[in-house]
*Asks:* 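This is the structure I have questions about; it appears just below.
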Amino acid sequence: MNIFEEYIKKITNLILKNKEFLNLDNLNNFKGIAVESPPPEFDFDLSCNAGLLLGKINKIDPKYLANKIKDLIIKELKDFENIEVAGPGFLNLRLTKESLISKINEILNNKESFGKKNSNNNYNIEFVSANPTGPMHVGHCRGAIYGDVLSNLLKFNGNKVTKEYYINDYGNQIKNFAKSVFLRIREIKYNEKFMPNEDLYPGNYIIDIGQKILDSNKKEKFDNFEKSLNLLKKESLKYSMDLIKTDLKELGIEHDNFFSETELIEKKLVDKAINQLKQNNYVQEGFLEPPKGEPDKNWKKTKRLIFKSTLFGDDTDRAMQKNDGSWTYFANDVGYHMYKVNRNYEYLINVLGADHTGYTKRITAAVSALSDNKIQLNCKVCQLVKLYKHGKPFKMSKRAGDFISVRDLLNEVSKDSIRFMMLNRSNDVEIDFDFDKVLEKSKDNPVFYVQYSFARISSLFRTINKNLNDKVELDIKNFSLNENEIKILRKVFEWPKIIETASSKYEPHKIPYYLYELATLFHSYWSKGNENQSFKFVEEGKIKKTETLAIIVLVSIVIQRGMNILGVSLPDKM
RNA sequence: GCGCUUGUAGCUCAACUGGAUAGAGCGCCUGACUUCGGAUCAGGAGGUUCUGGGUUCGACUCCUAGCAGGCGCACCA
């Protein structure tokens, strides 16, 4: 049930049926008609801009038109007890008790699906895809949580979602990684001092990995790097992915599919993709212009395969081959994305870190080219998490082994706080993350505020000895809502709309904001009893008004659905 | 130089994707505890929405020209 959509339809139909009466010629602008909640200072449930919109295109005074529409609504729909024309021509509408009760019952009878926006598309969301050369750091977990919650959200609406992780287990960085492990093994086994340089990974976790590999390969001498390379790559990758998977799991994240770059190469998927693009002349041999900006010493003008991504809105065409003729990282990624396209998803989403902003155009271009413009890849970039330590900016470097890992964070702060905090911000805004502050202030993290409201609700149900799922019967004769209750109810009505925009725009941060607002209204309602005894909910172990019960159950429904989507727990005691 | 992105209260951010008097938290000031669990609540102060121009009934939102911050700009991954 989405009350706003319901009345957009009803009012639109009414206007269409009565266009002569309203003297409307031009009705082609119904898209812009909105029914929403009016600002809180108006004591109405809904507001509608039909008068403004249609007045404008038909050159009729909006207020006059709004009044005519008002008359129509009064005549045809029995749902409202009061309608007013306000401001420049808004219609404000207040529902009758009967309609309120029927809306409330509708929600109570469909608890699980309240807010659900029915759709059944097939989504692929690629997220995290952190390089398998070490544990996850704090920056990774933003995209991880964003992707996970987006998946939950889309699933809640009935879509099929594949959560995918692309393992970049090919190329130089893996060789360097293996080399680092090799040297650490030599350090352990032969007491050779590990000399860090800029190609090597210095972190202590490399020692752990080395030790594990030593333990399970007792016969191996590790006297020649090239000879041990395959073993080292395979084992190091495995342990490194174990680290990442453990971190993800503790954050409450589980991918459906891990896809390896090496496998991609072995299956010749890159060649296939490039052949396909060649047939459409999207890939051709040619020369690229030298890169703009800083002059590059290594730059050579060489004939090579080039993807014409400018045809799809990119700034420049992109190289598929390196100087030595091997595929570029991008070429491999094109192969990977062909594999995605071929699996018949309606929507592809990539969640990327801020350092990939410049990459999005070319890969979206590639997907358009591969799918004949049928599939749109949507790249969502999560901005940086700026770290502070002791109030000072803290530069992270995975290479230097100098970073705050997800593990460090999890040791201090709960999964719930991390998830809520990382989401409580739109993805294209930087997050200031003061490590010390988070620790100090963990108690007034907004997540507790929302959780606490549910704990209070649970506590109330314990004292009246009832269950949240017990049936609530509303009696129309005595039905009345006080100011707090009506505010909460109106907020609850907005829930489906929050889900709708959060999922269609890929903006999951709307949810924590909304839940916080709902919790605020609830706490305020609850506290009324402290000021004035007559507002107490309970008398002699029994609830005084069933309306109270209904409203509180509504709040609990929304908070449960919401926190479930966020992947944050909801204890009934705190 | 180019692309993407951000600029809103002292600070950190919202604003239903063009709606009505721009809202929260923190911080500051005032008040409510023999608590239906105060991890809470009530109230106050705080704004030229970076600047200039444009579009229209109506702009934080769209267009345009600037200013300032961030990220990126290999044939690295």
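Not measured: the values here are computed from a predicted model. We name chains A, B, ... by the order of the sequence lines, and we start the count at 1 in each one.
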*Asks:* Output yes when at least one side-chain N/O atom of T360(A) is less than 4.0 Å from OP1 or OP2 of C4(B), else no.
*Replies:* no
*Asks:* Could you give the CG-to-P distance, from L521(A) to U40(B), as a whole number of Å?
*Replies:* 15 Å
*Asks:* A59(B) and G52(B): how far apart are their C1' atoms, nearest whole angstrom?
*Replies:*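 Those two atoms are separated by 15 Å.
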*Asks:* For the C1' atoms, the ones on G10(B) and on C28(B), what distance do you get once it is rounded to whole angstrom?
*Replies:* 9 Å
*Asks:* Under 4.0 Å between any heavy atoms, over every strand shown, what does A86(A) touch: base, sugar-phosphate, or nothing? Just pick one.
*Replies:*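 If one applies the 4.0 Å heavy-atom cut-off, A86(A) turns out to touch a base.
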*Asks:* Would E285(A) and R304(A) pass as an ion pair if we require N to O under 4.0 Å?
*Replies:* no
*Asks:* F90(A) stacking on A20(B): centroids under 5.5 Å, ring planes under 30°?
*Replies:*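 Answer is yes, a stack.
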*Asks:* Given atom CG of D355(A) and atom C1' of C4(B), what is their separation to the nearest angstrom?
*Replies:* 13 Å
*Asks:* Rounded to the nearest Å, what distance is computed from the CG atom of residue D314(A) to the C1' atom of nucleotide G3(B)?
*Replies:* 9 Å
*Asks:* Measuring from the side chain of M574(A) (C-beta onward, heavy atoms only), which nucleotide among G37(B), C71(B), C57(B) has the closest atom?
*Replies:*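 The answer is G37(B).
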*Asks:* At 4.0 Å (heavy atoms only), tell me whether K528(A) reaches a base, stays on the sugar-phosphate, or touches nothing.
*Replies:* nothing
*Asks:* Using a heavy-atom cut-off of 4.0 Å across all strands, would you classify D315(A) as base, sugar-phosphate, or nothing?
*Replies:*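 Touches sugar-phosphate only.
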*Asks:* Counting side-chain heavy atoms from CB outward, which of A77(B), A39(B), U21(B) is closest to F448(A)?
*Replies:* A39(B)
*Asks:* Looking at every strand, decide which applies to S459(A) at a 4.0 Å heavy-atom threshold: base, sugar-phosphate, or nothing.
*Replies:*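 Touches a base.
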*Asks:* Among A77(B), U5(B), G72(B), which nucleotide has an atom closest to any side-chain atom of Y329(A)?
*Replies:*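 The answer is A77(B), which lies nearest to the side chain.
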*Asks:* What's the closest nucleotide to the side chain of Q383(A) if the choices are U5(B), C41(B), A77(B)?
*Replies:*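 In terms of side-chain proximity for Q383(A), the closest of U5(B), C41(B), A77(B) is U5(B).
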*Asks:* Rounding to an integer number of angstrom, what distance separates G27(B) and G72(B) when you compare their P atoms?
*Replies:*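 Pairwise P distance, G27(B) against G72(B), rounds to 34 Å.
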*Asks:* Taking only the side-chain heavy atoms of Y516(A) (C-beta and beyond), determine which of A77(B), G25(B), G38(B) contains the nearest atom.
*Replies:*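 Nearest nucleotide to the side chain: G25(B).
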*Asks:* If we call it a pair only when both distances are under 3.5 Å in a Watson-Crick or G-U wobble match, what pairs with C71(B)?
*Replies:* G3(B)
*Asks:* Which nucleotide, A77(B), G38(B), G72(B), lies nearest any side-chain atom of T357(A)?
*Replies:* G72(B)
*Asks:* Expressed as a whole number of angstroms, how long is the span from K386(A):NZ to C71(B):P?
*Replies:*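 These atoms are roughly 8 Å apart.
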*Asks:* Tell which nucleotide pairs with C13(B), taking only Watson-Crick or G-U wobble pairs whose two distances are both under 3.5 angstrom.
*Replies:*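 WC or wobble partner is G23(B).
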*Asks:* Using the P atom as the reference point in each nucleotide, state the distance between U49(B) and G66(B) in Å, no decimals.
*Replies:*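 Per the computed distance, 23 Å lies between those P atoms.
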*Asks:* Which salt bridge (Lys or Arg N to Asp or Glu O under 4.0 Å) pairs, counting each pair once, include a residue from residues 315-325 of chain A, with sequence neighbours left out?
*Replies:* D314(A)-R318(A), D315(A)-K361(A)
*Asks:* Mind checking what makes salt bridge (Lys or Arg N to Asp or Glu O under 4.0 Å) contact with K175(A), not counting sequence neighbours?
*Replies:*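 K175(A) satisfies salt bridge (Lys or Arg N to Asp or Glu O under 4.0 Å) with E226(A) only.
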*Asks:* Report the distance from atom CD of E41(A) to atom P of U21(B), rounded to the nearest whole Å.
*Replies:*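 Value for this atom pair: 9 Å.
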*Asks:* Could you state the atom-to-atom distance from NZ of K56(A) to C1' of A59(B) in whole Å?
*Replies:*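 One finds 12 Å between C1' of A59(B) and NZ of K56(A), rounded.
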*Asks:* Under 4.0 Å, heavy atoms only, any strand: does N532(A) hit a base, just the sugar-phosphate, or nothing?
*Replies:*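 Counting heavy atoms under 4.0 Å across all strands, no contact is made by N532(A).
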*Asks:* Check the phosphate of G37(B) against W526(A), side-chain N and O only, distance under 4.0 Å to OP1 or OP2. Yes or no?
*Replies:*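 Result: no.
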*Asks:* Between G54(B) and G1(B), how many Å separate the two C1' atoms, rounded to a whole number?
*Replies:* 28 Å
*Asks:* Cation-pi between K466(A) and F461(A): NZ/CZ under 6.0 Å from ring centre and within 45° of the ring axis?
*Replies:*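 Because its charged atom misses either the 6.0 Å distance or the 45° angle limit, K466(A) does not stack over F461(A).
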*Asks:* Who passes side-chain hydrogen bond (donor to acceptor under 3.5 Å, both in side chains) against D169(A), sequence neighbours left out?
*Replies:*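 Testing D169(A) for side-chain hydrogen bond (donor to acceptor under 3.5 Å, both in side chains), a comparison that skips the adjacent residues, returns S260(A), T262(A).
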*Asks:* Using whole Å, report how far CD of Q451(A) lies from P of U40(B).
*Replies:* 12 Å
*Asks:* How far, in whole Å, is C11(B) from G53(B) if one measures between their C1' atoms?
*Replies:* 32 Å
*Asks:* Check whether NZ of the Lys or CZ of the Arg K497(A) lies under 6.0 Å from the centre of the six-membered ring of F4(A) and within 45 degrees of that ring's axis.
*Replies:* yes
*Asks:* Nearest to the S47(A) side chain among G38(B), C57(B), A20(B), which nucleotide is it?
*Replies:* A20(B)
*Asks:* Considering only G37(B), C71(B), A77(B), which nucleotide approaches the side chain of R462(A) most closely?
*Replies:* G37(B)
*Asks:* For K573(A) and for G171(A), find the nucleotide of RNA chain B with the closest heavy atom, then tell me which residue's nucleotide is more 5'.
*Replies:* K573(A)
*Asks:* Considering only the P atoms, how many Å lie between A24(B) and G44(B), rounded to the nearest integer?
*Replies:*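 My reading of the P atoms in A24(B) and G44(B) gives 11 Å.
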*Asks:* Would you tell me if any nitrogen or oxygen in the side chain of Y170(A) comes within less than 4.0 Å of OP1 or OP2 on C76(B)?
*Replies:*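 Answer is no, no contact under 4.0 Å.
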*Asks:* K68(A): which residues meet the salt bridge (Lys or Arg N to Asp or Glu O under 4.0 Å) condition with it, sequence neighbours left out?
*Replies:* none
*Asks:* Salt bridge (Lys or Arg N to Asp or Glu O under 4.0 Å) with E126(A): which residues, sequence neighbours excluded?
*Replies:*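 Result, salt bridge (Lys or Arg N to Asp or Glu O under 4.0 Å) vs E126(A): K340(A).
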*Asks:* If you restrict it to nitrogen or oxygen atoms, what contacts under 3.5 Å exist between nucleotides 10-16 of chain B and the protein, and what is each distance?
*Replies:*
unit_1 : atom_1 : unit_2  : atom_2 : d
U12(B) : O2'    : R425(A) : NH1    : 2.6
C13(B) : OP1    : E430(A) : O      : 2.8
C13(B) : O2'    : Y513(A) : OH     : 2.1
A14(B) : OP1    : S426(A) : N      : 3.0
A15(B) : OP1    : K510(A) : NZ     : 2.6

*Asks:* When the aromatic ring centroids of Y449(A) and H523(A) are compared, is their separation below 6.0 Å?
*Replies:*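 Between H523(A) and Y449(A), which both carry aromatic rings, the centre distance is below 6.0 Å.
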*Asks:* Using a heavy-atom cut-off of 4.0 Å across all strands, would you classify D169(A) as base, sugar-phosphate, or nothing?
*Replies:* nothing
*Asks:* List for me each residue that meets ring-ring contact (aromatic ring centres under 6.0 Å, His included) alongside F312(A), sequence neighbours excluded, and say none if there are none.
*Replies:* Y282(A)
*Asks:* Give me the distances for all protein-to-nucleotides 29-33 of chain B N/O pairs that come in under 3.5 Å?
*Replies:*
none

*Asks:* Between A15(B) and G23(B), how far apart are the C1' atoms? Round to whole Å, please.
*Replies:* 7 Å
*Asks:* F42(A) or L384(A): which one's nearest nucleotide on RNA chain B is closer to the 5' end?
*Replies:*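 With F42(A) and L384(A) compared, the 5'-side residue is F42(A).
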*Asks:* Hey, does E500(A) reach any base, or is it just sugar-phosphate, or nothing, if we go heavy atoms under 4.0 Å?
*Replies:* nothing
*Asks:* Rounded to the Å, how far apart are F420(A) CZ and G25(B) P?
*Replies:* 14 Å
*Asks:* Do Y165(A) and F259(A) have ring centres separated by under 6.0 Å?
*Replies:* no
*Asks:* May I ask you to check whether Y525(A) and F537(A) place their ring centers less than 6.0 Å from one another?
*Replies:* yes
*Asks:* Mind checking what makes salt bridge (Lys or Arg N to Asp or Glu O under 4.0 Å) contact with R490(A), not counting sequence neighbours?
*Replies:* D43(A), D45(A)
*Asks:* Across all strands, who's sitting opposite G37(B) as a Watson-Crick or G-U wobble pair, both distances under 3.5 Å?
*Replies:* none
*Asks:* Does A74(B) have OP1 or OP2 sitting under 4.0 Å from an N or O in the side chain of R318(A)?
*Replies:* no
